[in-house]
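All figures in this text were calculated on a predicted structure; none of them were measured in a lab.
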Amino acid sequence: MPVPPELLPAAQALFGERLDRAIAYADLLATDGVVRGLIGPHEAPRIWARHLLNCAAVTELIPPRASVVDVGSGAGLPGIVLAVARPDLTVTLVEPLARRTAFLAEVVTALDLERTVTVVRARAEECVGRSPADIVTARAVAPLDRLTGWCLPLAALGGRLLALKGESAADEVAEHRDAIGRLGGATPVVRRCGVGLIDPPTTVVEIVRERAVGPARSKSSRGAGRRSTSDGDVARGRARRG
């Protein structure tokens, strides 16, 4: 799926010499992703503006050679986008649903990302105890209090949760600031990424993990998972369709 001409300068700035892989990923989202129910049919025309560039802008908050865990990865947003834009990152995509992890694994293979991306079929809670990440990302997964409980235990002390949010981010921060503190997080900060490059900029809530607190437990989560799966069920770049 080609980049709309008006978005080409931003796409070139964010993806650089790997823009061809971003275009290939856009094609997969607009075709297979729609057919398999990972992307809504009305989202296909907006894949670049609403999804790929929105996610790629977050790379400005991620240091070189960081390890990233993307919780509730779904169709790979933002995890796949970050891996395409930043080949120096090591990215783990955490997703509990089999049909989504199958798609993710196929995308990893198609885009030749096997050396830097791992797909894990699991809920966020089941990944606690693995190697802690420098950065944990999540997009449109849950309110900040629940999201912090699921994601912050996956970060190293001093590591950060980057939660991609909408325009109501500041209100959400105000509502959940105390809960975030109880879960070991520093005062959340609202960041705007891609200012002057994309319109609107990407809104990100940044939370540093200050203290180690036991992981939150929840019977359900929309993005982090409703289905219990084996912690060792890992797909590395290959999976059957289905």
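For R50 and E43, the salt-bridge test passes: some basic side-chain N is under 4.0 Å from an acidic carboxylate O. Using a cut-off of 4.0 Å between Lys/Arg side-chain N and Asp/Glu carboxylate O, E106 and R36 are scored as salt-bridged.
A single hydrophobic cluster is seen to contain both L8 and Y25, as judged by linkage of ILVMFWY side chains at heavy-atom distances under 4.5 Å, directly or through other members. Cluster membership for L152 and V208, using ILVMFWY side-chain heavy atoms within less than 4.5 angstrom, is not shared. At a threshold of 4.5 Å between side-chain heavy atoms, the hydrophobic network of Ile, Leu, Val, Met, Phe, Trp and Tyr places V81 and V34 in one connected group.
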Quiz item: Would V71 and L154 count as a side chain to side chain contact (heavy atoms under 4.5 Å, CB included) if you check the C-alpha gap in whole Å, the side-chain angles of each, and the deciding distance to 0.1 Å?
Solution: CA-CA 9 Å; V71 172; L154 304 181; 3.7 Å; yes
Quiz item: What's the verdict on side-chain hydrogen bond (donor to acceptor under 3.5 Å, both in side chains) for T203 and R192, showing C-alpha distance, side-chain angles and the deciding distance?
Solution: CA-CA 5 Å; T203 301; R192 307 287 181 183; 2.3 Å; yes
Practice problem: Show your reasoning for whether side chain to side chain contact (heavy atoms under 4.5 Å, CB included) applies to T90 and R65. | Solution: CA-CA 7 Å; T90 302; R65 298 177 295 280; over 6 Å; no
Practice problem: Just do the side chain to side chain contact (heavy atoms under 4.5 Å, CB included) check on V205 and L144 with the steps written out, would you? | Solution: CA-CA 9 Å; V205 177; L144 269 179; 3.9 Å; yes
Practice problem: Output, in order, the C-alpha distance, side-chain angles, deciding distance and verdict of side chain to side chain contact (heavy atoms under 4.5 Å, CB included) for W48 and I23. | Solution: CA-CA 9 Å; W48 281 101; I23 292 170; 3.7 Å; yes
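The minimum heavy-atom distance between P78 and D70, with the atom names listed, is CD-OD1, 3.2 Å. Summarising the geometry of A124 relative to W150, their closest heavy-atom pair is CB-O, 3.9 Å, with the distance given to 0.1 Å. Contact between N54 and T202 at its shortest, heavy atoms only, is O-OG1, 2.6 Å. Scanning both residues, F15 and L52, for their nearest heavy atoms gives CZ-O, 4.2 Å. Nearest heavy-atom pair, L104 versus S73, reported as atom, atom and distance to 0.1 Å: CD1-CB, 4.1 Å. Scanning both residues, P45 and H42, for their nearest heavy atoms gives CD-O, 3.4 Å.
Remark: L89 CG to L113 CG distance equals 11.5 Å, nearest 0.5 Å. Taken from CG in L61 to CZ in R191, the straight-line distance is 7.0 Å, to the nearest 0.5 Å. We find the CD-CD1 distance between E172 and I180 to be 8.0 Å, quoted to the nearest 0.5 Å. Of the inter-residue distances, the one linking C193 atom SG with I62 atom CD1 reads 9.0 Å to the nearest 0.5 angstrom. The structure places CG of L29 at 6.0 Å from CG of L77, a figure rounded to the nearest 0.5 Å. Here the straight-line distance linking atom OG1 of T187 with atom CG of D178 works out to 9.5 Å at 0.5 Å rounding.
With hydrogens and angles disregarded, a donor-acceptor distance shorter than 3.5 Å links the side chain of R86 to the backbone of T59. Judged by distance alone, with hydrogens and angles left aside, the side-chain atoms of R160 form no donor-acceptor pair with the main-chain N or O of I207 at under 3.5 Å. Judged by distance alone, the side chain of Q12 and the main-chain N or O of L19 form no donor-acceptor pair under 3.5 Å. A side-chain donor-acceptor contact under 3.5 Å links D134 to the backbone of S67. The backbone N or O of A83 lies less than 3.5 Å from a partner atom in the side chain of R18, making a donor-acceptor pair. Under the 3.5 Å distance criterion, the side-chain polar atoms of T101 are matched with a main-chain donor or acceptor of A98.
Taking 4.5 Å as the limit, every side-chain heavy atom of V136 sits out of range of all side-chain heavy atoms of L162. Side-chain contact between T137 and V68: present, with at least one pair of heavy atoms (C-beta onward) separated by less than 4.5 Å. Side-chain contact check for L111 versus I80: some heavy-atom pair is nearer than 4.5 Å.
Side-chain contact annotation: S168 with D171, donor-acceptor N/O pair under 3.5 Å absent.
With a 6.0 Å radius and a threshold of 12 heavy atoms from other residues, nucleotides or ligands, E17 has its CD atom at or below the threshold.
When the options R100, R123, R121 are evaluated for a salt bridge (charged side-chain N to carboxylate O under 4.0 Å, His left out) with E95, the one that passes is R100.
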